Amino acid sequence: MTSVIYIINGPNLNLLGTREPERYGHATLNDVEKLCEDTAKRHGMTIEFRQSNREGELIDFIQEAGKKKAAGIVINAAGYTNTSIAIMDALLAVNLPTIEVHITNIHARENFRHNSYIAKVARGMICGLGVEGYALAITALASKK
Ligand code: CA2
């Protein structure tokens, strides 16, 4: 096992900080990457930070994390959270500790956001705490809980 944590972001998260700031906040995805880098560094770890608007590419990132024997995965699958059995299967296949993150509280939003395929295979889920959830997820993986 290496000390690299994969941070995987799904569709539309490239728009973070540029649209709907009242919902998703003002931090950009670059700001989130910096937050993750700084948090990982404090724990003596490194990150691979990825985003894609394509389901298959997200699956490629998960398989890459598996091949690289990453210490864990932090994933915000965005809209694919509620639809993608293929992403769930990829996470099952690599069998790495995985923390699901959502910026918003998906349970306080529409019903269709409540059922997460990722949650079925993740070690835990953090939602509703804004982008700080990414830092908390890295800390959880680093402490091997
Ligand atoms: O709260 C989250 O992190 C979500 O994963 C965000 C997804 C949504 O489908 C999930 O239910 C909850 C949407 C990501 C859209 O990202 C944008 C960011 C800024 C502006 C517009 C979209």
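We count residues from 1, following the sequence as given. Indexing begins at 1, ligand by ligand and atom by atom, following the structure's order. These numbers come from a predicted model, not from an experiment.
Among the candidates I99, L129, I126, N9, the single residue satisfying the side chain to side chain contact (heavy atoms under 4.5 Å, CB included) test with Y134 is N9.
Geometrically, ligand 1 and V101 share no nitrogen or oxygen pair separated by less than 3.5 Å. Checking only distances, R113 does come within under 3.5 Å of ligand 1, N or O to N or O. Considering backbone and side-chain N/O of N76, one or more are found under 3.5 Å from N/O of ligand 1. Looking at ligand 1, you won't find any N or O of Y24 less than 3.5 Å from one of its N or O atoms. Close N/O approach between H102 and ligand 1 is found [any backbone or side-chain N/O within under 3.5 Å].
Taking the side chain as every heavy atom from C-beta outward, N115 and K120 approach each other to under 4.5 Å. A heavy-atom distance below 4.5 Å is found between the side chains of R109 and R23. Annotation: side chain of V101 is not in contact with side chain of I7 (no heavy-atom distance under 4.5 Å).
Cluster annotation: L141 and F49 are assigned to the same hydrophobic cluster (Ile/Leu/Val/Met/Phe/Trp/Tyr, side-chain heavy-atom contacts under 4.5 Å, transitive).
In terms of protein heavy-atom proximity, atom 20 (C) of ligand 1 is closest to R19 O, 3.2 Å. Looking at atom 17 (C) of ligand 1, its nearest protein heavy atom turns out to be N12 O, 3.5 Å. Here the heavy atom of the protein found nearest to atom 21 (C) of ligand 1 is E20 OE2, 3.5 Å. Closest protein heavy atom to atom 1 (O) of ligand 1: T104 OG1, 2.5 Å.
The G79 neighbourhood of ligand 1 comprises atoms 9 (O), with distances under 4.0 Å to a heavy atom of that residue.
Within the 4.0 Å heavy-atom shell around ligand 1 one finds L15.
A donor-acceptor pair shorter than 3.5 Å can be found between the side chains of S116 and E100.
Of the listed residues (T81, V131, I103), the one carrying the non-hydrogen atom nearest atom 2 (C) of ligand 1 is I103.
Heavy-atom minimum distance, I62 versus I87: CD1-CG2, 3.8 Å. The two residues T81 and H102 have their closest heavy-atom pair at OG1-CE1, 3.1 Å.
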